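Reading through the structure tokens given below for one structure.
Just so it is clear, the structure is predicted and the values come from calculations on it, not from any experiment. Note that these values count all heavy atoms, side chains included, but never hydrogens, waters or copies made by symmetry. Counting begins at 1 with the first residue of the sequence.
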Amino acid sequence: MAIAKMTKIFIVGPVDDQVETIHLLQTLGVVHVEPASAMAGEYEKKNSEVLSRVQRLDRIMGDLARFKGRAAAAPITVTDEELTACAEEKVLAFQDKELRVQSLQRMIADLRPWGNFDPAHIRALEASGVHIRRYRMDAKKFEEFEAPENVLVEVVDRTKEVLFYTLSFAEPPEIPNAVMLSWTEKGLDEAEVELGRYQEQMESLFAELAGLAGRAETIKKQWIAALNEVAFTGTMATLHRDPYLFGLQGWIPRDQEPALHKKLEESKLPLHIVTREPFEEEEPPILIRNNWFVQRILPLQNLYGFPKYRDLDPSPFFAFFMVMFFGICMGDAGYGIMLYLIAYFMGRKWGGRTEIMDLVVKLIKAFAVSSMIVGALTGSIMGYGFENRSWILLDLDVDFGNPMILFYISLGLGVVHLTLSYLMGIAQTAYFYVKMQKLGLIGVLWGAVLLIARNIWFDAPGMALNLPMYYGGIGFLTAGMLLTLLFPNDSKKWAARLGVGLWNIYGLSSLVGDLLSYARLFGLGIATTAVASVMNQLAGMALDGIGPIMGAPLAFIIIVLGHLFNLALAILGSTVHSARMHFVESFKSFFEGGGVEYKPFKIERGSL
């Protein structure tokens, strides 16, 4: 479980064989190609054209997705070559008619309170000196409104705001506090007739688009082919060339190097291939290989970034604690089962489409199993209050157990989590003073923990661990503070060094905040169970208060909606806060990021 070792590869060959060579490398799909020159000339133009085609196909597939699987699909007889153009034409026509329908619906909603009229008659009256205007006014303002002299005011609707029109033979008056409404292009009857016509046309187009959506796999194949062409032209555009030779450089996993050499030799292409280890200043791309459990954390970890090539792989550390922390935060076996079912149906619907989606489904299942385990240990199942609690190993109930157990476990896990992150920082850094700094943090952390634990559980003078924990705590604390004081940096000026060290000792107070952050495990775990219990109590009160006939449906609604709401909050809180304890408290001790993902030049065969 680590970052795969990479080898730098250089390939040189005759210009006449460059196309065949690039096609072969794309088929083999193991070389992470690095540009050897800037994209320019005819290759840049061709790459831009192919990229536009990819974007066009991607847009068409997205537009057709809304029609996929609909009933009454009309058969489409166009050829595969004409399919994309036909789909684009039909989609644009449907979108135009859809916009017109929405416009007509707004017009009809505006006109319905006013009734039917002919806008041509309004214009004719206007030409003959009769001025008719439509207005909208707030109901309270209208109560204070007085019609201008020689102006007829007729109210047509008072549902929300007051709608009225004015008729005058002189110039239209100014109506304060009112919004004048423009005349529509059509009357109500004409607009409804046109709306019906457009809706019929949309139904016909909808059936045709549903038929086209049934052939979306053909368009998808064209999209994948265009993607491969983009990758090919992009690589061709960035090769190094002179009149006779071309050159390519990139990276390959070390364990795949022999197979690549064999394939290139079998091709009989006149290529010269050179490989070497990465130089110290080079940053090869990152390929993380892990076991079945750890691999599922990568979609979440990649949001934070990739480690550098020579750094430690944080995946095993992150995966174990992330899954554990999520389970503690959710802490309910019933919710864990519900979450597992969600992941199961996600896998049934979207599984196999992309590697990332498969990993996300597996990660959710791991979260669900962790929640079920914690819920079983603490006796938390949908907030139900068990009368017989003898089977519960860690009873956190306020009346029958001790919720502070979870508080101490949370802080204990925080100590272990922070300690491991400091040890990973020590193992990763090449600087002696940084190693000493992190060792100092471990000393201060464990010294304080031993002293506090002694005062809570071993404070009696006669207890066997009283004195060892006291002296051990003082020793760890003293050693940690001395390391913090003496190794703030690698400066040779001891006066400045001690000054910075004193400031760093003051900064050790941040350890308290880092450690107390893990109390959120306790807070969220207790809160999830408490809210679930409250939902059950509310349902019981509804059932007892208004009787079984009316109360049972209401109680059912409270149970379903309440637990779904609590489950949603638990999923959100457990994910965010468990990730936060890594990204904020832990990763800062060793994870720098800045690595580049290994993306081999290959033929795309997958799906969206």
Side-chain angles (χ1 to χ4, degrees), residues 280-283 304-314 317-318 321 410-456 459 466-521 577 579-595:
E280 190 67 30
E281 66 274 9
E282 289 180 323
E283 277 296 332
Y304 193 77
F306 288 87
K308 291 184 177 179
Y309 180 69
R310 294 169 182 85
D311 290 351
L312 296 176
D313 173 20
F317 170 79
F318 185 27
F321 281 101
S410 300
L411 293 187
L413 286 172
V415 172
V416 175
H417 197 241
L418 289 173
T419 301
L420 288 176
S421 68
Y422 297 146
L423 290 174
M424 292 176 72
I426 291 171
Q428 181 171 285
T429 186
Y431 298 101
F432 179 75
Y433 77 93
V434 176
K435 294 179 185 290
M436 294 298 102
Q437 281 180 8
K438 298 192 184 302
L439 203 57
L441 288 172
I442 294 174
V444 171
L445 176 63
W446 277 94
V449 166
L450 288 174
L451 292 175
I452 293 171
R454 170 185 175 271
N455 288 336
I456 295 175
D459 58 336
N466 180 280
L467 287 178
M469 291 187 71
Y470 174 76
Y471 289 116
I474 293 295
F476 274 115
L477 197 61
T478 303
M481 295 182 70
L482 281 174
L483 289 173
T484 303
L485 175 67
L486 297 176
F487 296 97
N489 53 42
D490 56 354
S491 173
K492 302 298 183 183
K493 298 179 180 179
W494 278 96
R497 192 164 169 174
L498 291 174
V500 176
L502 288 171
W503 178 257
N504 285 356
I505 288 178
Y506 170 75
L508 290 173
S509 58
S510 64
L511 264 178
V512 177
D514 287 346
L515 183 57
L516 288 180
S517 287
Y518 292 84
R520 68 187 70 233
L521 295 172
H577 290 289
R580 183 192 186 279
M581 283 181 278
H582 288 87
F583 296 160
V584 177
E585 270 76 40
S586 174
F587 276 15
K588 65 182 180 182
S589 300
F590 68 93
F591 191 90
E592 295 182 7

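A distance of 11.0 Å separates OG in Ser586 from CZ in Phe591, rounded to the nearest 0.5 Å. If you take OG1 on Thr419 and CE on Met424, they are separated by 13.0 Å, rounding to the nearest 0.5 Å. Interatomic distance, CG of Leu508 versus CG of Leu445, reported as 10.5 Å (0.5 Å rounding). Atoms OG and CG, from Ser510 and Leu515 in turn, are 11.5 Å apart once rounded to the nearest 0.5 Å. Atom CD of Gln428 is separated from atom CZ of Phe590 by 7.5 Å, given to the nearest 0.5 angstrom. Here the NE2-NE2 distance, from His582 to His417, works out to 3.0 Å after rounding to the nearest 0.5 Å.
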Next on the checklist: Checking Phe432 against Asp490 for the side chain to side chain contact (heavy atoms under 4.5 Å, CB included) test, could you report, in this order, the C-alpha distance in whole Å, the side-chain angles of both residues, the deciding distance, and whether it holds?
Outcome noted: CA-CA 8 Å; Phe432 179 75; Asp490 56 354; over 6 Å; no
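The side-chain heavy atoms of Arg454 and Val449, taken from C-beta on, include no pair separated by under 4.5 Å. No side-chain heavy atom of Leu413 sits less than 4.5 Å from a side-chain heavy atom of Tyr518. Side-chain contact between His577 and Leu521: absent, with no pair of heavy atoms (C-beta onward) separated by less than 4.5 Å.
When every heavy atom of Met469 is checked against every heavy atom of Ala453, the shortest pair comes out as CE-CB, 3.7 Å. Closest of all the heavy-atom pairs between Thr429 and Lys435 is O-NZ, 3.0 Å.
Checked against Leu439 for a side chain to side chain contact (heavy atoms under 4.5 Å, CB included), the options Leu423, Ile426, Val434 give a single hit: Ile426.
No more than 12 heavy-atom neighbours from other residues, nucleotides or ligands sit within 6.0 angstrom of CD on Glu280.
Under a 4.0 Å N-O distance rule, the pair Arg580/Glu585 qualifies as a salt bridge.
In this structure, the ring of Phe321 has its center no less than 6.0 angstrom from the ring center of Phe318.
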Contacts table for residues 470-489: side-chain donor-acceptor under 3.5 angstrom, sequence neighbours left out:
residue: Thr478; atom: OG1; partner: Ile474; partner atom: O; Å: 2.7
residue: Thr484; atom: OG1; partner: Gly480; partner atom: O; Å: 2.8
residue: Asn489; atom: OD1; partner: Ser491; partner atom: N; Å: 3.0

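A donor-acceptor pair under 3.5 Å links the side-chain atoms of Lys438 to the main chain of Ser589, judged by distance alone. Listed for the Glu283 side chain is a donor-acceptor partner under 3.5 Å among the backbone atoms of Tyr309.
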